[in-house]
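Data block below; observations after.
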Protein chains: 2
Amino acid sequence: MRDLSKAVGIRAASLYHHFPDKQSLYLDAMEYVFADKAEGITMALNGNGTPFERLEQFVTRFVELMGNDPNFRALLQRELLDGDEARLKLLAERVFIGPFQAIAALAEDLAPDCDPHMLAISMAGLVLFHFETAPIRRFLPGGQPKHNDLKVVAQHVTRLLGKALGEN
Amino acid sequence: MRDLSKAVGIRAASLYHHFPDKQSLYLDAMEYVFADKAEGITMALNGNGTPFERLEQFVTRFVELMGNDPNFRALLQRELLDGDEARLKLLAERVFIGPFQAIAALAEDLAPDCDPHMLAISMAGLVLFHFETAPIRRFLPGGQPKHNDLKVVAQHVTRLLGKALGEN
DNA sequence: GTCTATAGTTTGATAGAC
DNA sequence: GTCTATCAAACTATAGAC
């Protein structure tokens, strides 16, 4: 609260005039940030084109979102790790449901015989894990700076999913 | 430190006789736990069989490890999220290098034309993300209890990777 | 709506007896 | 090697003046 108060230019005690407690402030801020980002992803998914072209669009946008905003990515992963049930329910129902449904719909177009919920999770995880592991990958065999290049990551994921899903 | 002291049955001050500070205690404990788990995965990867059989073996074992030990999975993700450079370097060089090299070698057998470092990351991430998102997936469309079944997750990931990598 | 001052906890760590 | 006692710092939150 003290760090935040410095960042916004008022004293810590004054924050309690605008928010009842720390939890409420965090929750409001989180919802604001996530809703903002989710909109960008949903738009990328509602475009036209073949399923494979839309897959390419989604992967590219999602890679850019995660790569260009490390703080947002860390916040997302912290919520998945530490969020209690009530907070995750709120986050799911108010923010994630839109983009997730769009990804699942794309998944069903790409592979009608596959569980769309599971495939949607796989598609997102495939992108996210490359960024989640970025700080440790430099110390692992074969790690190169190019593996942090957004275009290289997007191409790798797109090709892998394309081959897995028939590339039609 | 106080919680831990209760768990082990001595007073908090006594912990400082065995470890110089909280960081050292945490680091020692972490290294012990990770080394223990990494051995199991490496063994599953050094078996015989066709590349696809070894892929099936790896995915099954990795899914079981993450599914049966949620605390270990959370610890792994917390390190990736919060670990400073020195700690991640130590973790990578002393613990992860073994299993990672084995996964990368399998990746090269499965797809010689693909970057083995990137494919290894994708293989691990595909498994991990299904567990990382477990607490929020119940609130997302299409989420069912069976998606937390270890066999269902293993089969989904194996099929997806099998199709992507030619299944030979 | 912001401030100063401070209450009430909790934390990591130390001193020194036994 | 474990204990009691305690320190110094940091934290969330409140009280009350302006």
Side-chain angles (χ1 to χ4, degrees), chain A residues 1-38 69-96 132 135-136 139, chain B residues 1-38 69-96 132 135-136 139:
Chain A
M1 296 299 275
R2 282 167 174 83
D3 288 349
L4 177 60
S5 77
K6 275 176 200 159
V8 298
I10 60 174
R11 299 286 176 177
S14 308
L15 293 172
Y16 287 87
H17 177 77
H18 304 276
F19 301 92
D21 54 27
K22 187 187 167 185
Q23 268 290 325
S24 300
L25 189 159
Y26 178 71
L27 213 71
D28 280 14
M30 197 183 59
E31 204 179 337
Y32 174 76
V33 173
F34 274 72
D36 191 43
K37 299 288 180 182
D69 197 340
N71 285 330
F72 174 68
R73 185 197 53 78
L75 182 61
L76 169 61
Q77 301 202 178
R78 193 172 299 283
E79 279 304 308
L80 290 176
L81 196 56
D82 286 330
D84 56 53
E85 195 181 293
R87 219 155 72 190
L88 289 173
K89 187 164 190 269
L90 183 138
L91 209 57
E93 290 172 352
R94 291 206 208 165
V95 183
F96 287 159
E132 187 173 4
I136 204 175
F139 305 118
Chain B
M1 297 300 276
R2 282 166 175 83
D3 287 350
L4 176 59
S5 77
K6 276 176 200 158
V8 298
I10 61 174
R11 298 287 177 175
S14 308
L15 292 171
Y16 287 87
H17 177 77
H18 303 276
F19 302 91
D21 55 25
K22 187 187 167 184
Q23 268 291 323
S24 301
L25 188 159
Y26 178 71
L27 213 71
D28 280 14
M30 197 183 60
E31 204 180 335
Y32 173 77
V33 172
F34 275 72
D36 190 44
K37 300 288 179 185
D69 198 339
N71 286 329
F72 174 68
R73 184 196 53 78
L75 182 61
L76 168 60
Q77 301 200 177
R78 193 171 298 284
E79 278 305 307
L80 289 175
L81 197 55
D82 287 330
D84 56 53
E85 195 181 293
R87 219 155 73 189
L88 289 173
K89 187 163 190 271
L90 182 137
L91 209 56
E93 289 171 354
R94 291 206 209 165
V95 183
F96 287 159
E132 187 174 2
I136 205 175
F139 306 118

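Hydrogens, waters and symmetry mates are skipped; everything else that's a heavy atom, side chains included, is used. Note that the structure is predicted; figures quoted are calculated from it, not measured. Chain identifiers are assigned alphabetically (A, B, ...) following the order of the sequence lines, protein sequences preceding nucleic acid strands; residue numbering begins at 1 within each chain.
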M30(A) pairs by side-chain contact (heavy atoms from CB on, under 4.5 Å) with which of L91(A), L76(A), V95(A)?
L91(A)

Determine, stepwise, if the pair R94(A) / F34(A) fulfils side chain to side chain contact (heavy atoms under 4.5 Å, CB included).
CA-CA 9 Å; R94(A) 291 206 208 165; F34(A) 274 72; over 6 Å; no

Just how far, in rounded Å, is C1' of dG12(C) from CG of L4(B)?
13 Å

Quickly work out the F19(B) CZ to dG12(C) P distance and round it to whole Å.
15 Å

Would one find a side-chain N or O of S14(B) under 4.0 angstrom from OP1 or OP2 of dC3(D)?
yes

I'd like a table of donor-acceptor pairs (distance under 3.5 Å, sequence neighbours excluded) in which one partner is a side-chain atom from residues 18-25 of chain B, with atom names and distances.
unit_1 : atom_1 : unit_2 : atom_2 : d
D21(B) : OD1    : Q23(B) : N      : 3.4
D21(B) : OD1    : S24(B) : N      : 3.0
D21(B) : OD1    : S24(B) : OG     : 2.9

So CZ of F96(A) and CG of L90(A): to nearest 0.5 Å the spacing works out to 11.0 Å

Between dA13(C), dT4(C), dC3(D), which one does the side chain of A13(B) approach most closely?
dC3(D)

CE of M1(B) versus P of dA10(D): gap in Å, rounded?
19 Å

Looking at CG of L81(B) and CZ of R78(A), how far apart are the two atoms once the value is rounded to the nearest 0.5 Å?
4.5 Å

Taking NZ, NE, NH1 and NH2 as the nitrogens, is one of them in K89(B) or E85(B) under 4.0 Å from a carboxylate oxygen of the other?
no

State which of dT2(D), dT14(C), dT2(C) makes the closest approach to the side chain of H18(A).
dT2(C)

To the nearest Å, how far apart are R11(A) CZ and dA5(C) P?
10 Å

Counting any heavy atom closer than 4.0 Å, what does A12(A) reach on the DNA or RNA strands: base, sugar-phosphate only, or nothing?
nothing

Within residues 21-34 of chain A: residues closer than 4.0 Å to DNA chain D (heavy atoms):
D21(A), K22(A)

Report the distance from atom CD of Q77(B) to atom CD of Q77(A), rounding to the nearest 0.5 Å.
7.0 Å

Length of the CG-C1' vector between L15(B) and dC3(D), whole Å:
12 Å

Taken to the nearest whole Å, CG/D3(A) to C1'/dA10(D) is 11 Å

From NE2 of H17(B) across to C1' of dC18(C) the rounded distance in Å is 14 Å

